Each structure stands twice: as structure tokens, then as C-alpha cells.
Participant: 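What follows is a single structure, and I will ask about it in a moment.
This is a predicted model, so every value here is computed, not measured. Protein chains get the first letters and strands the later ones, always in sequence-line order, with residue 1 at the start of each.
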Amino acid sequence: MVRSLEEESLMSGITHRVAQLLSEGEPGSTVTVGGWVRTRRDSKQGFSFIELNDGSSMAGLQVIADNTVPGYEETIKGVQTGSSIRVTGELKESPGAKQRVELHAKSLELVGTSDVETYPLQKKRHSFEFLREIAHLRPRTNTFGAIARVRNRVSHGIHTFFQSRGFLYVHTPIITTSDCEGAGEMFTVTTLLQESRAQGQESRAESQEPSAASLDPGSSTLDYSTDFFGKKASLTVSGQLEAEIYATSVGPCYTFGPTFRAENSNTTRHLAEFWMIEPEMPFYELDDNMQLAEEFIKFLINDVLQNCADDMEFFNQRIEKTVLETLRHIVEKDFRRISYTEAVDILTSAGRSWDYPVEWGHNLQAEHERFLTEEHFQQPIIVYDYPRAIKPFYMYCNDDGKTVRAMDVLVPRVGEIIGGSQREHRLDVLESRIKECGLDPEEYWWYLDLRRFGSVPHAGFGLGLERMLLLLTGMQNIRDVIPFPRTPKNAEF
RNA sequence: UCCCCUGUAGCUCAAUCGGUAGAGCGAGCGGCUGUUAACCGCUAGGUUGUAGGUUCGAGUCCUACCGGGGGAGCCA
């Protein structure tokens, strides 16, 4: 791509990021920075304080501009909250108490103006609900800048953790035709709708709306054999089954990508599009799986605490005043492992009434999980060996004939953050389980092949990235820890 | 999908029993100041989500729709 000189100089004009200057900038050096103005305060003695933020850190750089700066009088009027500027000047030690260094401008360029009358972000606190409506501007706020940096760090840490252990990063498909993964409602991927729309317009030139029947994917008029992929295709709800293919050939591996669920969920913990990490390990049994999950969560917490200290301090002060204490607590103690049966015993003998009765064989309700992790143990717990009747077909069946080797990691405040299991690797058991679950073994021919040829015990789990971010940041709504949340009735931006 | 709450100035909210629309912050102007959640004064800013209904009179009560939030289920 050919770049104009002007663009070239815009790109190359910046010599430093603000974070760099605040931590290690040498007084006396000449630097050029660019970013967005948070506030400006004028002194009547003919100079201005500009708080400049370029997104590299929580703290901004204080810029001092006076009337020796060329064009100061005209330029400074446009230097307002939201505008973008580029400043060249000398870094000096600051007499002010709140920063080590500040930038004394020699030149000040107003790159992009911003009308403070209409710029939605003001020099005041905004509600998260309001900021959600301006998701294109919210990363310019302290909170969402910090979330972006922590999210970036966690993503980095995920790769660091697995790569340092020799895991392979595997790209499992986004579009899948195995519509039987059982993890939830799926979004259909089809080109039939635009075809039927075109046909509808041909046949009925007056009407812009195709008939409802021809567009209803559930109606018999849609023939997926004529669709793009020749069969019904969907967005993935999990890369697990494909990850198992690679785990049983190239060894321990992990996926990290977007996942889609078409559930009509309206909660602070659910998204229609979210990011999930799914490691899958050959020769791992359930205990090994639990051990890895615990080490993984602890690693990510430590990594963020070390590398996002300012942002974490901000979350602790402004968002959730116990978040640092909670995280340190989690890192220090071993996760408590209890079987589902033990969990039921604890709940039934807790001496309190439940909105939903506790009974062996039923799923643990949110109130039950919250009691266990927040009140009874007050730390992360791993519940394992769930009743087989309430778990998917691929989980390893225990000898008791009643339970499978499933595990859920539950953490205070967030609830379930990891779900996983040891996989059923015995061909005959898996086949009968597929039938038991009312599924067709034919559909799983390749999955069964893995058990037919060189099967090994293996296990894996899924970590929800956004739920991990809720735990790390203390934020309460999952829609605020992903840049552009997709939820029922909302896919703006 | 179900239950509950909610929609008033740019933002966050108030408005008693149904009786003529208010504050703080933000913004503009002025003052003060090596300031930094700045401070002091003045000014502007409204079809109370939309459409109906009840009433002499509706921000307030009723109905429908739309939006937002919380909880439940599903799960990560």
C-alpha cells in the first residue's frame, strides 16, 4: 500500500507513548507525543495545563503550554476535552505532587477538534449503561481503557501459560456442521435467505418482504442440501470436539477464539458472542485436568497483578474495593475440590431454605453455587463427578454407573468460570452413551474414530474469557468487559 | 422465555395526595489560581420514551408498544 507523505509523517511523528514517559522518561529529553485531551486548565498568567491520554496507561501526561508556543492563542481554544493533539517539547521534573515528570510544549498541534457541547464524554462520572450506548467512545474513559489493557494482558498471559508448557495453539472452525455439540442453541449460517429474498422479489415485485414461510429456517421449505455447505451449518458453540482431534495427534493443545450461543439469555454473565479458551490434553485424567485449571487461573491472576498494577489499583479503588484482596486470596490458597455428592450433602445440611430444593440428580442452582463458594468455603471450589443424566454424552462414565467425570470451577462473585471433564475414550461406552442421550452415532463417525484408532484417556475444559475479566476487574456486567457486546436485541457497532 | 424495577435538561437524579418543571455535575461567560475530581459568581439549557385513555387538570393513574436495568433458567 502506498502511503502519502502526510500519512507517513503522522505515523512517524510520535516518538513516545505516555506510559513510557511516565515510568522512565528522562528529564531534559525532547519527545513528541500524541493523544486525546482529557481536561485543560488555564492560568491567567498565560499558560495552560493539558491532561493528555493516549491509552497506554491509566495516568495521563501533564502538558504545559504557554504563549511562547507558536500559535498558542489560536490553538489553545480548540484544545478541549475530546480533541486530539500532538505535542513536541521538553520533559521536565514536575513541581506538582501528582506526577514525576511533565511535558513543556515547544510546539502544539491541534490534530482533531472536538465540540464540547456535543461530545458525549464529560469531565464527570458516567453510568455504565450510558457508556454502553456509546461503545465507540467509551474506551476513552479511565475504566474502559483499563479494561482494554487488562483484557489484552490476559490474552497475552493465556498464550504465555500454554506456550511455556508446550501446548499447541489450534484454530478450530468458527463455522461448523456438527449441530449436535449440545452446548446450547446455535446460530445458523446460511445463504438460502438472500436467495429466497431475491426470488421473492422477482416473483412479487411490489413486495419487499419475502413470505415468512420461505424465510423461516424451521420451515420445511428450507432445503439445506442446496445451501452453501450442502448441509445445515452453524456458528461454533465450542471447539472442544475438534480440539480433541489435535490433542490425540499432536499432543496438548488449546483453542482461543470467539464462541456463539443463540440462547435468549439476559443476564450480567451471558453474551451471545464471547471468547473462550479450551485446552485439551491427552493422557490427562480428571485430577490432572483440575490441577491444570487451578494453575491456569492462578497464573493469569498473578500475571495481571504484576503487569497491570495501575489499572488494578484503579479497579480496587473505583470499581470493587475488595478485588485485590480477593485475587490475592485466590492465588494463595489451594482450590477446594468437592464431589457433587458432597456438595449436595453440604447444601442439605446447611440448615437453610432454598428457593430451589436441593436433590441429588438435579443441577446445582445459582443460589447453591453462590452459597458454596461465597459463604461456606469463601474461596474457589471445584465441583466434580456430576450425575450423568444432567451432563453431555462425551464425559467419562464412572464405575458407579451414576456419575461422570465432569468438573466446574466456581469462584466468588462470578460463579461458574470453567466447565470441563475427562472425555469418554472407550469406544463401546461412548457409543452406548450417544444412544442413551438420544443422539445418532452416525453423526459422530469421526469423533468415534478417535476411539477406534489409538484411543487415549484425555481431558479438557473451557474458560470464559469475559468471566475471567469479571473476576479480575471487579466489574459487574459482562457487557462491560468486551469491547462490543452482543446480546439479545443488541449488536450495535 | 419468565418475574420485578425503570424511562424527567448533555449526564446523574428530585418533584408530597393528581394541581403551572427543580438540583447537582457538565457547558458558555466573568473572576481567581503551578493547576490536577480545582475553586467562586452569573447565564443558557425541557414536546417528562412513543401512542392512546381517565380527569376540570397527568411527570404522577390506566392500557399498549419501544428502550434500559436487575433476578431466574441455559451455560462459559
Side-chain angles (χ1 to χ4, degrees), chain A residues 38-52 59-66 77 80-82 92-99 102 104 115-134 141-142 181-185 237-240 258-278 293 317-318 355-356 362-367 369-370 390-392 406 408-411 414-420 461-471 476-482 487-490 492:
Chain A
R38 288 291 177 79
T39 70
R40 188 190 92 215
R41 297 175 293 275
D42 292 332
S43 166
K44 271 299 174 294
Q45 295 174 14
F47 62 99
S48 304
F49 298 95
I50 304 164
E51 189 187 335
L52 178 68
L61 179 67
Q62 175 159 283
V63 175
I64 287 88
D66 61 25
K77 293 195 190 87
Q80 290 176 305
T81 303
K92 292 186 177 176
E93 284 181 26
S94 175
K98 301 210 171 177
Q99 58 276 321
E102 60 190 26
H104 288 246
D115 179 7
V116 289
E117 291 282 355
T118 52
Y119 183 57
L121 292 174
Q122 301 169 349
K123 219 169 65 179
K124 69 189 285 292
R125 284 187 81 117
H126 291 288
S127 68
F128 292 137
E129 290 81 6
F130 172 68
L131 292 171
R132 228 170 274 152
E133 294 170 6
I134 50 167
T141 63
N142 285 337
E181 297 178 36
E185 286 296 309
V237 292
S238 167
Q240 178 200 318
T259 309
F260 307 88
R261 304 272 167 93
E263 305 285 349
N264 191 6
S265 297
N266 291 288
T267 81
T268 54
R269 302 178 308 283
H270 290 86
L271 291 165
E273 175 184 293
F274 63 99
W275 287 64
M276 186 157 66
I277 301 94
E278 295 180 286
Q317 279 177 15
R318 295 296 192 82
D355 293 339
Y356 294 85
H362 288 68
N363 249 319
L364 296 180
Q365 301 294 313
E367 59 170 339
E369 295 183 345
R370 216 176 294 127
I390 58 171
K391 288 292 181 185
D408 281 356
V409 179
L410 310 177
V411 296
V414 178
E416 182 179 348
I417 200 169
I418 279 180
F461 60 82
L463 169 76
L465 177 67
E466 287 77 17
R467 290 192 180 169
M468 187 67 201
L469 282 163
L470 291 179
L471 177 67
Q476 295 191 341
N477 196 316
I478 202 162
R479 293 162 205 160
D480 295 328
V481 294
I482 188 168
T487 53
K489 301 276 186 290
N490 187 357
E492 196 61 53

Participant: Does the aromatic ring of A/Phe274 sit over the six-membered base ring of B/A76, closer than 5.5 Å centre to centre and tilted less than 30°?
Facilitator: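 The ring of A/Phe274 is stacked on B/A76.
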Participant: Taking the side chain from A/Arg467 and the backbone from A/Arg269, do they hold a donor-acceptor pair closer than 3.5 Å?
Facilitator: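 Yes.
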Participant: Please determine, for B/G46, whether a Watson-Crick or G-U wobble partner exists with both distances under 3.5 Å, and give it or none.
Facilitator: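 Base partner found: none.
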Participant: Can you tell me how far C1' in B/U55 sits from the matching atom in B/A72, rounded to whole Å?
Facilitator: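 That atom pair is separated by 40 Å.
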Participant: Side chains of A/Ser48 and A/Asp42: any donor to acceptor distance under 3.5 Å?
Facilitator: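 Side chains of A/Asp42 and A/Ser48: pair found under 3.5 Å.
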Participant: Send over the distance from A/Lys124 NZ to B/A37 C1', rounded to a whole Å.
Facilitator: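 Distance, rounded to whole Å: 12 Å.
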Participant: Should we count CD of A/Gln476 as having more than 12 external heavy atoms under 6.0 Å?
Facilitator: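 No.
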Participant: Just how far, in rounded Å, is P of B/C75 from CG of A/Leu410?
Facilitator: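 Going from A/Leu410 (CG) to B/C75 (P), I get 14 Å.
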Participant: Donor-acceptor check, side chain of A/Glu369 to backbone of A/Leu410, threshold 3.5 angstrom: yes or no?
Facilitator: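 Side chain of A/Glu369 to backbone of A/Leu410: no pair is present.
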Participant: What is the distance, to the nearest angstrom, from the CD atom on A/Glu416 to the P atom on B/G73?
Facilitator: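 Those two atoms, CD and P, are 12 Å apart.
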Participant: When rounded to the nearest Å, what value does the distance between C1' atoms of B/G28 and B/G10 take?
Facilitator: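 Roughly 13 Å separates the two C1' atoms.
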Participant: Would you measure the distance from the P atom in B/C75 across to the matching atom in B/A15 and give it in whole Å?
Facilitator: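 One P to the other, the span is 43 Å.
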Participant: Find the partner of B/U1: check Watson-Crick (N1-N3 plus N6-O4 or O6-N4) and G-U wobble (N1-O2, O6-N3) distances, both under 3.5 Å, and reply none if neither fits.
Facilitator: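 WC or wobble partner is B/A72.
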Participant: Tell me whether the OP1 or OP2 atom of B/G73 has a side-chain N or O from A/Gln365 closer than 4.0 Å.
Facilitator: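 Checking B/G73 against A/Gln365, a side-chain N or O does come within under 4.0 Å of OP1 or OP2.
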Participant: Evaluate the ring planes of A/Phe130 and A/His126, with Trp represented by its six-membered ring, and classify them as parallel (under 30°), tilted (30 to 60°) or perpendicular (over 60°).
Facilitator: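 Tilted.
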Participant: Side chain of A/Ala366 only, please: which of B/G73, B/G28, B/G67 is the nearest?
Facilitator: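 The answer is B/G73, which lies nearest to the side chain.
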Participant: Going by modelled atom types, is there a donor-acceptor pair between the base of B/A37 and the side chain of A/Arg125 at under 3.5 Å?
Facilitator: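 Checked by distance alone, the answer is no.
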Participant: Is there a side-chain polar atom (N or O) of A/Arg370 under 4.0 Å from OP1 or OP2 of B/G71?
Facilitator: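 False: A/Arg370 side-chain N/O out of range (4.0 Å or more) of B/G71 OP1/OP2.
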Participant: Is A/Gly462 touching bases, backbone alone, or none of the nucleic acid, heavy atoms closer than 4.0 Å?
Facilitator: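 Answer is sugar-phosphate: A/Gly462 comes under 4.0 Å of backbone atoms only.
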Participant: When you check the phosphate oxygens OP1 and OP2 of B/U12, does a side-chain N or O of A/Ser127 lie under 4.0 Å from one of them?
Facilitator: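 So the side chain of A/Ser127 is within the cut-off, an N or O lying under 4.0 Å from OP1 or OP2 of B/U12.
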Participant: What is the nucleic acid contact for A/Tyr356, judged by heavy atoms within less than 4.0 Å: base, sugar-phosphate only, or nothing?
Facilitator: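 Sugar-phosphate, no base atom in range.
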Participant: On the nucleotide B/C39, are OP1 or OP2 found under 4.0 Å from the side-chain N or O atoms that A/Arg41 carries?
Facilitator: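 A/Arg41 to B/C39 OP1/OP2: no side-chain N or O under 4.0 Å.
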Participant: Using whole Å, what does the distance between atom P of nucleotide B/G26 and atom CG of A/Leu121 come to?
Facilitator: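 That distance rounds to 15 Å.
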Participant: Check this for me: does the side-chain of A/His270 come within 3.5 Å of the base of B/C75 through a donor and an acceptor?
Facilitator: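 Answer is yes: a donor-acceptor pair is held.
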Participant: Picking from B/G73, B/G26, B/G69, which would you name as closest to the side chain of A/Lys123?
Facilitator: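 The listed nucleotide nearest to A/Lys123's side chain is B/G26.
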Participant: In whole angstrom, give me the gap between the P atoms of B/G53 and B/G24.
Facilitator: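 Going atom to atom, P in each nucleotide, I get 38 Å.
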Participant: Please tell me if A/Arg269 has a side-chain N or O lying less than 4.0 Å from either OP1 or OP2 of B/A72.
Facilitator: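 Looking at the OP1 and OP2 atoms of B/A72, one of them is under 4.0 Å from a side-chain N or O of A/Arg269.
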Participant: For B/A72, does either OP1 or OP2 sit under 4.0 Å from a side-chain N or O belonging to A/Asn266?
Facilitator: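 No, because none of the side-chain N or O atoms of A/Asn266 sits under 4.0 Å from OP1 or OP2 of B/A72.
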Participant: Toward the 5' end of RNA chain B, which comes first, A/Gly419 or A/Thr268, by nearest nucleotide?
Facilitator: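 Closer to the 5' end of RNA chain B: A/Thr268.
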Participant: Of all the heavy-atom pairs spanning A/Ile417 and A/Leu463, show the shortest one and how long it is.
Facilitator: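 Heavy atoms of A/Ile417 and A/Leu463 come nearest at O-CD1, 3.4 Å.
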Participant: May I ask you to check whether A/Arg261 and A/Thr259 show a side-chain donor-acceptor distance below 3.5 Å?
Facilitator: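 The answer is no; no qualifying pair exists.
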Participant: Counting any heavy atom closer than 4.0 Å, what does A/Gln62 reach on the DNA or RNA strands: base, sugar-phosphate only, or nothing?
Facilitator: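 Counting heavy atoms under 4.0 Å across all strands, the contact made by A/Gln62 includes a base.
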Participant: I need the CD1-C1' distance between A/Ile134 and B/G26, as an integer number of Å.
Facilitator: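 Taking atom C1' of B/G26 as the reference, CD1 of A/Ile134 is at 13 Å.
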Participant: Taking the P atom of each, how far is B/A38 from B/U47, in whole Å?
Facilitator: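 My reading of the P atoms in B/A38 and B/U47 gives 30 Å.
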Participant: Please report, rounded to the nearest Å, how far the C1' atom of B/A37 is from the CD atom of A/Gln122.
Facilitator: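 That distance rounds to 14 Å.
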Participant: Are any of A/Gln99's side-chain N or O atoms less than 4.0 Å away from OP1 or OP2 of B/G34?
Facilitator: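 For B/G34, neither OP1 nor OP2 has a side-chain N or O of A/Gln99 closer than 4.0 Å.
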Participant: Is any side-chain nitrogen or oxygen of A/Lys98 closer than 4.0 Å to OP1 or OP2 of B/U35?
Facilitator: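 No, A/Lys98 has no side-chain N/O under 4.0 Å of OP1/OP2 on B/U35.
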Participant: Classify the nucleic acid contact of A/Glu102 as base, sugar-phosphate or nothing, counting any heavy atom under 4.0 Å across all strands shown.
Facilitator: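 Base, at least one base heavy atom under 4.0 Å.
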Participant: Let's test this: given Watson-Crick or G-U wobble pairing with both distances under 3.5 Å, identify the partner of B/A37.
Facilitator: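 Answer to the pairing question: none, since B/A37 forms no Watson-Crick or G-U pair.
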Participant: Which whole-number value in Å describes the distance from A/Phe47 CZ to B/U36 P?
Facilitator: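 Whole-Å distance recorded here is 12 Å.
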Participant: Measure the distance from NZ on A/Lys391 to C1' on B/A76 and round it to the nearest whole Å.
Facilitator: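 Distance, rounded to whole Å: 11 Å.
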Participant: Report the base-pairing partner of B/A21 (Watson-Crick or G-U wobble, both distances below 3.5 angstrom), or none.
Facilitator: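 Here B/A21 is not engaged in any pair, so there is no nucleotide opposite it.
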Participant: Just N and O in the side chain of A/Arg479: are any of them under 4.0 Å from OP1 or OP2 of B/G69?
Facilitator: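 For A/Arg479, the contact criterion (side-chain N or O under 4.0 Å from OP1 or OP2 of B/G69) is met.
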Participant: Considering only the P atoms, how many Å lie between B/C56 and B/G18, rounded to the nearest integer?
Facilitator: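 Each nucleotide's P atom is 16 Å from the other's.
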Participant: Taking only side-chain nitrogens and oxygens of A/Ser94, does any of them come within less than 4.0 Å of OP1 or OP2 of B/G34?
Facilitator: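 No.
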Participant: Look at the side chain of A/Glu133 and the base of B/G67, then say whether one donor and one acceptor between them are separated by less than 3.5 Å.
Facilitator: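 By the distance-only test, no, there is no pair.
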Participant: Is it true that a side-chain atom of A/Glu185 and a backbone atom of A/Glu263 form a donor plus acceptor pair closer than 3.5 Å?
Facilitator: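 Not a single qualifying donor-acceptor pair exists.
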